[in-house]
Structures are given as structure tokens and as C-alpha cells.
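Presented below is the structure to which this report refers.
As the structure lists them, so they are numbered: ligands from 1, and atoms in each ligand from 1.
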Amino acid sequence: MEANSGKRDQWGSRFGFIMAAAGSAIGLGNIWRFPYITGKYGGGAFVLVYLAFVLVIGASVLLAELAIGRRAKLDAAGAYRKLGGGAWPLVGYLGIFCGSVILSYYAVITGWTLAYMFKSFGGLMEEAAAGRAAESFSTFIANPYLTVICLCAVMAGVVLVVYRGISGGIEKSCKVLMPMLFIILLLLIVRSLTLPGASAGLRFYLMPDLSKLSAEGVLAAFGQGFYSLSLGMGITVTYGSYLSSKEYMPTMTRTIVLLDTMAAFMAGLVIFPAVFAFGIDAGSGPGLTFVTLPAVFAQMPMGAFFSFAFFALLFIAAFTSAIALFEVSVTYAVDELRWTRAKSAIVMGLAITLLGVPSALSGGGHIPEICGKGFLDAVDFITNNAIMPIGGIFTSIFVGWIWTKDALDEVTNRGEFKFKLYRAWLWVCRLVAPVCITAVFITGLKW
Ligand code: PHE
């Protein structure tokens, strides 16, 4: 049977949708990047700027994307074609393309977290205790077989979930995985905060130090907020297209933004107290996650267990974001190419896995660098800094200037509800969001 010949699938419950949308938003960006840049740009002060950005601009763009998706009930490209016509479908195509490219390397890093879950019990603690965590990480990412096998395992998992559909696959798995993620976060927070000397980390993380908050920090907060909510990529348009017309979207938007922010904030409560308690330098990026933290866990009683829990947390966060990225291209294949869901999942899955192989191999220098950056870093840079903001700018312009009347109609469920913040939302979409995201875009282009 053609998967697209029957009734369009729908989220089975409000809770299920919120878990799936939170799963898309909460990802690697929340767990390692948010805490790290918060520390770098002035702790509490940075958190305030970040909060203002996600609550005003992030939430507005998220609501705009949901409304577009739900009204059109189509994939990202089809949605812009149906509602806007002209060149607007390009915004959707850009998202679908960019989402697939992001997934190709995101699945590689997800694979690393999977491997590290098992390495926690397989010698990682001993190596880290002997001061060889960095060496162990570079040996691991340089191993072409291991990284490619991990990539294939992650992609196979993602294909399996998405193949089972919106309610039967994505919703079902996120309803289990997301509560698990918050439970693990809580467990790790308790462990971290009860370590002797934890308070120094808390102070570093949360004491507002306005002198550290520069213009660069403000833009970093904007960029992080945008990335963290997975905007500008067709994901929320796609997820919204499976949402029942009875749901009131502004409240859902608020819940999704709050959950995403809470997860990021909680991750900082895990990382900084632990890192400071053992007097280890809080490095950045993958280094912090795969090198510094194993060294921290190695010094704790039951370190292997906490290390396993931490990498399981990262894995869940990354895996549910990977599912969302993948659904964008699968919905596209089902709606536009009229393939069955099974065929779409398998063909797209194979294509994206192949596309991920150069990223998986780049850790060992098996792939030539692109203008001084490793393949994975280069692809990450181009998609996040160049393409994602363009998607965000055009989404807000579309809702603010072009599709405005119907947007209000959609957000209020055709007049059934009152949307008190309508005027504010409209002007954020018209001016504030495009201007702020353009600023992020321009400053982000430094290679
Ligand atoms: N929001 C995810 C995170 O915080 C990253 C992401 C971006 C996922 C774009 C999908 C699309 O890590």
C-alpha cells in the first residue's frame, strides 16, 4: 500500500508531540555547547541574554514554523509552495538539503556518544585515570572502521524509528526517551552538586559577570538560541504538519522553549560543579565532552557508571534530534516524490549514511581538509553559520509580511482562541527577528 495514499498520520497526543518537539530541540548543543559558552561569555549575564532571545525571537520563529506546517499539512518545500508560491519553496528546499547534510555529520557524533557509552565500562576509566583521555579520543576518532560502524548503527536506528511513522515510531520512542533524559540529568546533577568543592563551579557558571559580556557574547547567545531550537531547517514545519488543528500552538511553543532551556541550564549544573570539584580546566567543544569529562568521572567512586549515564544522556539527546532531521527529508520524499514511507526511509537513509562517511573518516585525517578545516568541521560551519540563519530570516519575513493574515487565522485556530501577543509576535517576525538573525549571520561568516 502507498503510505501516502491513506490519511495523513498525526501525533497521537499533546504530550507525545511535545516530547517529539523537545527531542528535536534538545541535542548536543544543549549538553555541551550551552554550558561551555555560558562560562566563556559571563555566566549569569549571558544566561539572561540567552533567555531574552529564546523567549522573544526563538519562540516567535518556532510558532511561525509550526503555523506554516499545520496550515499546509505538507513537507517543508510543499508547504511554502502551497502558502506562498513563487520562489518561496526554495526556503523549504534549503531546509531539506541543509537538514540532510547536518544529519550526515550529526549522526557521526551521535555514533561517538554510542561508542563512549560502552567504552565507559571498557577501559575508558583506566585510560582517563592515567591521563590518557585525550589520546584515547584521538585514537578512537581516527579509527575508520569504528567510526563508520557507529555511523551505520545510528542511521539504522534512525531509519527504523522513522520508518514506523509519526505516531507509531517517532512519538512512541520520544515518549520514553525524553523522560529518561530528564531523569538522567537529575541523577547527574545530584551527583555533581554533592561533590566536595562543587560550589566553585556553580559560582563560575551562574555569577553574572557583566564585564565578560561583550557584543560577541550577545551574538553568541542569539546563535546558540537559534541552533538550540532547531529553527530554520524545516523541522518544525514538518512536525507541525502532523499536528491536529485542535491544538493551541502558542502554549505548546512556550512549553517546548521552556523544556529546551531547562535541559541546557541543567546540563551546566552537571558539568561545571564536577569539573571545578576536581580542578580540571573546562575546555571547549568535543574536548570538554570526550576528554575532560572522562577524566572527571575517572576520579569519582562508581565513575564508570556515571560516565555511562552521561554518554547515554548525550546519546538520547543526539538521537532524538537526528530523528527530527531525518523526518524532514522522509516527509519530503513521501509528499513530493510520492514514495512510500518505507522506500523513503530506506533510500534517504542510505544516501545520508553515504554522505556521512567522509565526516566519519575526517577524524583520522583520511579526508583532505577544506581550507584548513577538517571535513566534519567545515560541513558543520557551512550549515550552521550560513544556511540555517538564511532559513530563519526568510521564515520570519514570510510570516511577518507575506502570509500574515492566514498566519493569525492559523494561530488562533480560525478565530476560536484569542492570541493576545499577536501584535508583538507580528513585529518580531517582521523586524526584530530578521535583523537579529542577520547580525548573527554576518558575524558568523568568519571562517
Ligand atoms: N537543536 C539541536 C541541538 O541543540 C541541534 C540541531 C540543530 C538539530 C538543527 C537539528 C537541526 O543540539
Heavy-atom closest pair, residues F53 and A221: CD2-O, 4.3 Å
Distance from atom 4 (O) of ligand 1 to nearest protein heavy atom, with residue and atom: N30 OD1, 3.0 Å
Atoms of ligand 1 close to G27 [distance to a heavy atom under 4.0 angstrom, numbered from 1]: 3 (C), 4 (O), 12 (O)
Whether S24 lies under 4.0 Å from ligand 1, heavy atom: yes
Residue among R70, R8, R71, Q10 satisfying side-chain hydrogen bond (donor to acceptor under 3.5 Å, both in side chains) with S241: R8
Charged N-O contact under 4.0 Å between R341 and E327: yes
Flag, side chain of S362 to backbone of S359, donor-acceptor distance under 3.5 Å: yes
Top protein contact for atom 2 (C) of ligand 1, by heavy-atom distance: A25 O, 3.4 Å
Test item: T331 and Y242 side chains (from C-beta on) under 4.5 Å apart, heavy atoms: yes
Ligand-residue contact atoms, ligand 1 with I235, heavy atoms, under 4.0 Å: 10 (C), 11 (C)
Any N/O pair L325/ligand 1 closer than 3.5 Å: no
N/O separation below 3.5 Å, Y227 to ligand 1: yes
Side-chain heavy atoms of F375 within contact of I370, under 4.5 Å: yes
For atom 12 (O) of ligand 1, the protein heavy atom that lies nearest, with its residue and separation: G29 N, 2.7 Å
Per-residue contact class, N384 against ligand 1 - non-hydrogen pairs under 4.0 Å: neither
4.0 Å heavy-atom contact, Y106 with ligand 1: yes
Donor-acceptor contact present, side-chain W11 to main-chain I166, <3.5 Å: no
Atom 8 (C) of ligand 1: nearest protein contact (heavy atom, Å): S230 OG, 3.5 Å
Given L229, T395, V399, the one that forms side chain to side chain contact (heavy atoms under 4.5 Å, CB included) with E65: T395
